[in-house]
Amino acid sequence: MDFKGSDTLPGPRCEDALPSSAAAAVKIVVVGGFGVGKTTLVGSVSEIRPLTTEETMTRAGVGVDDVAGVERKTETTVAMDFGRISIDERLVLYLFGTPGQERFWFLWNGLFDGALGAVVLVDTRRLEVSFDVIGRLEDRGVPFVVAVNTFPGAPRYPVEELRTALDLPDYVPLVECDARDRSSSRDVLMALMRYLHSLTVTPEPQ
Amino acid sequence: MSGPAQDWEENSPERLYVITGGRSGTSEQDALDLVTLVVSRSEPQPGAQPEHTAIVRMCHYPLSVAEISAYLRLPASAVTVLLADLLADGRVEARAPIPAASLPDAELLEAVMHGLQRL
Ligand SMILES: Nc1nc2c(ncn2[C@@H]2O[C@H](COP(=O)(O)OP(=O)(O)O)[C@@H](O)[C@H]2O)c(=O)[nH]1
Ligand SMILES: [Mg+2]
């Protein structure tokens with residue numbers, strides 16, 4: 001068999017195999033604009049090197065040469081990086097990084113179905129993307145926390161100022177992180193889990 | 001042996017059409033999530049489509065649909081079509097994800113927190 005000209009069969013390296021006992025998985029979605037550090041965050045907590053899954057979207061081109069009356073189709077391929085954390089012998093957690101811009105929302109249907117919740121990753125130099133993402137998650141009823149990935153030279157705001165700027169309700173956790181750091185990224189996931197746990201006791205105010 | 005689609009532009013609509021036989025959106029396929037775990041139940045069938053063979057081989061240990069998609073470099077939507085065939089033939093089994101209905105249950109969340117703390 002010849003897959004992309006490589007001599008090796010496609011599949012995980014031996015050390016990346018899950019135990020046969022792995023019975024079920026759960027997922028968390030990390031969402032944010034390009035370059036905000038999604039892949040970095042996923043990679044720093046993942047037990048496997050982050051992998052990429054692609055989805056293609058076909059849609060009618062808008063405003064392009066339809067002189068001949070032929071509807072032009074454009075193909076958009078969107079890559080999602082993901083990683084994996086084995087929770088115990090039976091349970092596996094997957095983390096997906098997905099772009100936040102509206103034109104990629106077509107990916108969200110399958111992705112958010114059954115997801116535990118989401119991390120909205122924010123770069124203070126570009127808050128705009130976060131507004132749309134937060135609104136969209138609220139509309140879908142997906143619980144989320146917001147993590148500010150601190151880049152050198154990026155403006156630093158007091159957390160409460162950011163909360164106001166993002167128009168974020170009080171009950172939604174807002175944390176700072178360094179996506180390159182394993183424990184910092186782990187803490188973001190912990191913040192999400194604690195928040196989700198609190199919701200099992202006190203449902204989110206509507 | 002060479003795959004029928006190897007010379008084609010990677011993931012061109014034509015290549016995907018050939019691999020999936022132009023099928024999409026079946027109900028078996030819809031039941032497969034990105035994190036459904038797939039495990040082989042048998043050896044690959046001699047003469048099977050290369051993509052089917054590859055899936056059966058790589059799923060000796062459990063692998064998610066997303067991982068299969070990554071290793072085969074095929075969109076998840078094409079992978080689920082192939083998996084529906086293999087499931088129908090009993091060549092693989094699918095282990096459904098834990099549905100987080102509207103709210104995941106506290107015990108599940110505690111298990112995840114436990115696992116994360118060990119990182
Ligand atoms: N200084 C700094 N750089 C970061 C941090 N997180 C990510 N980067 C860098 O920012 C770039 C984009 O990150 P990436 O994870 O690919 O972003 P993505 O597009 O959201 O997946 C990469 O070059 C990273 O090394 C961070 O916390 N601090
Ligand atoms: Mg990325």
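Each chain gets a letter, A, B and so on, in the order the sequences are listed, and its residues count up from 1. Remember, predicted model here, so these are calculated numbers, not experimental data. Side chains are part of it too, since the values below use all heavy atoms of this structure and drop only hydrogens, waters and symmetry mates.
In terms of heavy atoms, B:L72 sits closest to A:P10 at CD2-CG, 4.1 Å. Across all non-hydrogen atoms, the minimal contact from A:T53 to B:S69 is OG1-OG, 2.6 Å. Minimum heavy-atom separation, A:L51 to B:A70: CB-CB, 3.7 Å.
Using a 4.5 Å cut-off between heavy atoms, A:L91 touches chain B through its side chain atoms alone. Of the two parts of B:S64, the backbone and the side chain both hold a non-hydrogen atom closer than 4.5 Å to a non-hydrogen atom of chain A. Both the backbone and the side chain of B:A111 come within contact range of chain A, with heavy atoms under 4.5 Å apart. Heavy atoms of B:L37 lying under 4.5 Å from chain A belong exclusively to its side chain.
Between chain B and the residues A:G117, A:P12, A:S21, the largest count of heavy-atom pairs under 4.5 Å involves A:P12. Of the listed residues (B:V79, B:T36, B:L34, B:V112), the greatest number of heavy-atom pairs within a distance under 4.5 Å of chain A belongs to B:V112. The greatest number of non-hydrogen atom pairs below 4.5 Å with chain B, out of A:A25, A:A79, A:S86, A:A24, is found for A:A25. Looking only at heavy-atom pairs under 4.5 Å with chain A, the residue among B:C59, B:P62, B:A106 that has the most is B:P62.
For A:R90, the CZ atom counts as loosely surrounded, since its 6.0 Å shell holds 12 or fewer non-hydrogen atoms of other residues, nucleotides or ligands. Residue A:E47 qualifies as enclosed at atom CD: its count of foreign heavy atoms under 6.0 Å is above 12. At most 12 non-hydrogen atoms from other residues, nucleotides or ligands lie less than 6.0 angstrom from CZ of A:R156. Crowding of A:F131 atom CZ: a count of heavy atoms from other residues, nucleotides or ligands under 6.0 Å exceeding 12. Surrounding CD of B:E107 are at most 12 heavy atoms belonging to other residues, nucleotides or ligands under 6.0 Å away. Within a 6.0 Å sphere centred on CG of A:D139, heavy atoms belonging to other residues, nucleotides or ligands number more than 12. Heavy-atom neighbours of B:Y61 OH from other residues, nucleotides or ligands within 6.0 Å: at or below the threshold of 12.
Annotation: the span from B:R118 atom CZ to A:I85 atom CD1 amounts to 11.0 Å, rounded to 0.5 Å. For the atom pair NE2 (A:H197) and CG (B:L108), the distance works out to 10.0 Å, reported to the nearest 0.5 Å. The distance from atom CE of B:M113 to atom CZ of A:R194, rounded to the nearest 0.5 Å, is 7.5 Å.
Side-chain atoms of B:R73 do not come within 3.5 Å of backbone N or O of A:T52 as any donor-acceptor pair. At distances below 3.5 Å, at least one donor-acceptor pair connects side-chain atoms of A:E55 with backbone N or O atoms of B:S77.
Side-chain contact between A:L93 and B:L116 is present, with heavy atoms from C-beta onward closer than 4.5 Å. Residues B:D33 and A:K27 are in side-chain contact: their nearest non-hydrogen atoms beyond the backbone lie under 4.5 Å apart.
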Check: Do A:I48 and B:E67 pass the side-chain contact (heavy atoms from CB on, under 4.5 Å) test, and can you show the C-alpha distance, the side-chain angles, and the key distance before you say yes or no?
Finding: CA-CA 11 Å; A:I48 56 171; B:E67 282 163 299; 3.9 Å; yes
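Heavy-atom neighbours of chain B within the stretch residues 174-190 of chain A, taken at a separation under 4.5 angstrom, comprise A:R182, A:R186, A:L189, A:M190.
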